[in-house]
Amino acid sequence: MLKVKLPDGSVREYARPVRPIEVAAEIGAGLAKATLAAEVDGKVVGASAPLPSEGEVSLRLLTKKDPEALAVMRHSAAHVMARAVMRLFDGVQLAFGPTTDSGFYYDFELKRPLSEEDFPAIEAEMAKIIKANEPFERIEEPRDKAMAICQDLGQTLKVEHINVGLAEHPTLSFYRQGEFIDLCRGPHIPSAGAIGAFKLLSIAGAYWKGDAQRQQLQRLYGTAWFSKEELEEHLKRVEEAKRRDHRVLGKQLDLFTTNPGLVGAGLVLWLPKGAAVRGLLEAFLREELTKRGYLGVYTPHIGRVELYQISGHFPYYSDSQFKPIVMSEDERYLLKPMNCPHHIMIYKAKPRSYRDLPVRLAEFGTVYRYEQSGELGGMTRVRGFTQDDAHLFCTEEQVGDEFRGCIEMTQGVLKALGMNDYRVRLGFRDPTSDKYVGSDAVWERAEKTLEKVCRDMNLPNLDIERGEAAFYGPKADFVVSDCLGREWQLGTVQLDYNLPSPERFGLEYIGADNQPHQPVMIHRAPLGSLERFVGVLIEHFAGAFPLWLAPEQVRVLTVSEKSEEYGRKVEEQLRAAGMRVTGDFRAEKLGSKIRDAQLELIPYMLVVGPRDAESGTVSVRDRISGDLGAMPLAEAIAKFQAEVAAKEVRQVAEKQSTGLGERGGAHEY
């Protein structure tokens, strides 16, 4: 006997095999027609997936109203796109076709390169397939039969994946729609007609299984929605995201540059204006650190391999590390992948007493990770980056207060930047995984402590995700939504009982009982990576930074050359008042000067002419509000200083509803 518990609390019993779609049909024909997939005990499955024959399950039927159904539909759209490509082009090899946060893609190996000129033909073929409304049929086969199917289809990439990636799977599944059949875990919608509106977006390069040493593939991106209105709204957001692209704005506004050919891929060169933004963020954080009793330290950019072997970072992160620098047979160094082992050695440099704790060590420390070239992007995914890093060493009794202080600091930093829309994700370990170090008892204690602190603080949208912990301990990540609703994982606070343990670094302090005790360690970075954070800020503000953070706060514009002398005096007084200011004294028309300042997103412009020189006034133009009229220079300066002191954020547009960031439930093998 099977008991099926529905969201309304009702229970249905079955003594026969049953599928979600049959349960829906019993409830009502309309619900059965609307059901696109189902969630069984928290796992998304197809509407026709068999339920267990006995026991009890929780069942949620998914319709167009559910974001999980949207992800399943998009996965089906990826299959429709692949089917259309195979109809139009010869010799297509299929790789993988998963969903993304806002759509889907499929990787192909083709004899000819695809281009945007091919999109209309592919979209037209997709429309034919959707109109035919053929069902998606799931087929399960033993691995030998599955291998034979892929060999008969001539899909060599799938054959390799069965041999290597799925070597331990005794049974594999396919999905068939018409003449198209693909090795796939699923799930899928019942039939293609539920794909309401779609569009191909772009084409990019990719490597088979992300390995740059393997064959080059072509990645075709698309998006799909249940209605044309949703698609049109999404395309507007895509255009707005392009307008805000930090790679484009960073170049236009002279914030940063890169030179993959000579400097290296994923290595950012901060230009003076970008360096000013970074410096202001660092100064703001240093002030906060001083208030909270942190001690600044500096550590080298390299360390001996043995240091990272003790910490577990080597070889644990070896796939994303630069290769060791070999000086001699017994002397190898790593470019620093993490700051924590160095801070641990500073703590360990002298004996510690319980009276010394907590010890809070902070550093803007640069670290290096060898990210795959296909994953690099502007400032948000790089190979060398600086963390606003700190490590706290405290007693067990101090953990709650210290962790709370780290959370509060991160909240304060985000508030000062107008980034108040965020959720806190608790990353706990997956007990079934072997990637974590330390005993079960230690992990349970750490997770309970972290969860209690966060729940006592009533953090917004708190959720727990298993498998998201660092290898040494649980963490609280701040997942921030920008003004377009896109989610970015930024600040993090992590609790660590493992690195200080005797099995690792053996950290100690002498307690009140005159006996040695092990401290607890907290890893904390409110911004995370400065490169990534500034990249996100550029897009969040569309390059129009608030006054306190703008690299150039005020520009003095002269009406004519006759006012240059007074303009320079105004510039000097502003600079003396602590403002970042420049003067535009060119022999150009005033309109041209104003336009240039607007294009460079200068927060305030001060226009000065002969009458201003006589009266000691300036005509103030606000980037947001426009012409504010004439006012005494001292009054203008006071206005600017007050806005800076309050760290006002006036130019953030009201967040739009985007649908970006839904969590998918459909995946390829």
Side-chain angles (χ1 to χ4, degrees), residues 1-73 75-76 79 99 135-147 149 162 165-177 181-191 194 428-434 440 444 447 463-468 663-669:
M1 182 69 69
L2 172 66
K3 292 184 177 181
V4 177
K5 186 176 181 181
L6 298 172
D8 63 0
S10 63
V11 176
R12 291 175 176 262
E13 296 185 350
Y14 298 91
R16 59 178 174 81
V18 67
R19 302 168 186 271
I21 192 65
E22 295 170 327
V23 177
E26 286 186 2
I27 297 172
L31 179 60
K33 184 178 181 180
T35 296
L36 299 176
E39 185 181 82
V40 179
D41 289 339
K43 180 182 179 182
V44 177
V45 301
S48 296
L51 296 175
S53 58
E54 57 184 23
E56 181 177 310
V57 296
S58 294
L59 173 66
R60 185 162 68 98
L61 300 168
L62 303 177
T63 69
K64 292 180 180 181
K65 298 178 181 179
D66 300 293
E68 295 90 346
L70 179 60
V72 175
M73 182 271 280
H75 185 53
S76 299
H79 276 227
T99 59
F136 287 91
E137 178 188 0
R138 183 180 174 91
I139 304 169
E140 294 190 6
E141 300 286 1
R143 63 176 297 103
D144 291 345
K145 180 72 179 294
M147 180 79 73
I149 290 174
I162 292 175
L166 304 174
E168 298 185 7
H169 289 245
T171 304
L172 300 172
S173 62
F174 294 81
Y175 277 84
R176 179 166 57 198
Q177 191 203 32
I181 185 169
D182 193 11
L183 179 72
C184 176
R185 182 188 305 162
H188 285 276
I189 55 178
S191 61
F428 287 0
R429 70 167 179 158
D430 176 359
T432 65
S433 174
D434 60 359
D440 291 345
E444 289 172 9
E447 289 177 350
D463 65 341
I464 296 175
E465 291 191 25
R466 294 281 173 186
E468 288 297 318
R663 293 179 189 154
H667 305 278
E668 290 284 344
Y669 276 116

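These figures come from a predicted structure and were not determined experimentally. The figures that follow rest on heavy atoms only: side chains count, while hydrogens, waters and symmetry mates do not.
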Please lay out, stage by stage, how Phe428 and Ile464 fare under the test side chain to side chain contact (heavy atoms under 4.5 Å, CB included). CA-CA 7 Å; Phe428 287 0; Ile464 296 175; 3.6 Å; yes
Verify salt bridge (charged side-chain N to carboxylate O under 4.0 Å, His left out) between Lys5 and Asp41, making sure each step is shown before the conclusion. CA-CA 10 Å; Lys5 186 176 181 181; Asp41 289 339; over 6 Å; no
Arg60 and Glu68: salt bridge (charged side-chain N to carboxylate O under 4.0 Å, His left out), yes or no, with the steps? CA-CA 11 Å; Arg60 185 162 68 98; Glu68 295 90 346; 2.8 Å; yes
I would like to know whether His79 and Asp182 meet side chain to side chain contact (heavy atoms under 4.5 Å, CB included); could you show each step before the answer? CA-CA 8 Å; His79 276 227; Asp182 193 11; 3.8 Å; yes
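Using cut-offs of 30° and 60° on the angle between ring planes, the pair His188 and Phe136 is parallel.
At least one donor-acceptor pair under 3.5 Å links the side chain of Arg138 to the backbone N or O of Arg185. With Arg143 contributing its side chain and His169 its backbone, the two residues share a donor-acceptor pair below 3.5 Å. Checking side-chain atoms of Glu22 against main-chain N and O of Arg19 turns up a donor-acceptor pair under 3.5 Å. Side-chain N or O atoms of Thr35 include one that pairs as donor or acceptor with a backbone N or O of Leu31 at under 3.5 Å. Remark: the backbone N or O of Cys184 is paired with a side-chain donor or acceptor of Ser173 at under 3.5 angstrom.
Considering only heavy atoms from C-beta on, Leu6 comes within 4.5 Å of Ile27 through its side chain. Residues Leu2 and Leu51 meet the side-chain proximity criterion, which asks for heavy atoms closer than 4.5 Å. Side chains of Glu39 and Lys43 form no contact here, defined as non-hydrogen atoms less than 4.5 Å apart. A heavy-atom distance below 4.5 Å is not found between the side chains of Leu36 and Thr63. Looking at Glu447 and Arg429, their side chains come closer than 4.5 Å, going by heavy atoms from C-beta outward. Met1 places none of its side-chain heavy atoms less than 4.5 Å from the side chain of Glu54. Side-chain contact check for Phe174 versus Ile181: some heavy-atom pair is nearer than 4.5 Å. A heavy-atom distance below 4.5 Å is not found between the side chains of Thr99 and Val72.
The minimum heavy-atom distance linking Gly46 with Pro187 is given by the pair N-CB, 3.3 Å. The minimum heavy-atom distance between Pro20 and Ala49, with the atom names listed, is CD-O, 2.8 Å. Listed here is the closest heavy atom pair of Asp8 and Ser10: OD1-OG, 2.6 Å. Closest of all the heavy-atom pairs between Val40 and Leu59 is CG2-CD1, 3.9 Å. In plain terms, the two heavy atoms of Ile149 and Glu141 that are nearest each other are CD1-CG, 4.0 Å.
Salt-bridge annotation for Arg466 and Glu468: absent, with no side-chain N of the basic residue lying under 4.0 Å from a carboxylate O of the acidic one.
With values rounded to the nearest 0.5 angstrom, Lys65 atom NZ is found 15.0 Å from Leu70 atom CG. The CD atom of Gln177 lies 8.5 Å from the OG atom of Ser191; values are rounded to the nearest 0.5 Å. In this structure, CD1 in Ile189 is found 12.5 Å from CG in Leu62, a value given to the nearest 0.5 Å.
In this model, a donor atom of one side chain and an acceptor atom of the other lie less than 3.5 Å apart for Glu26 and Tyr14.
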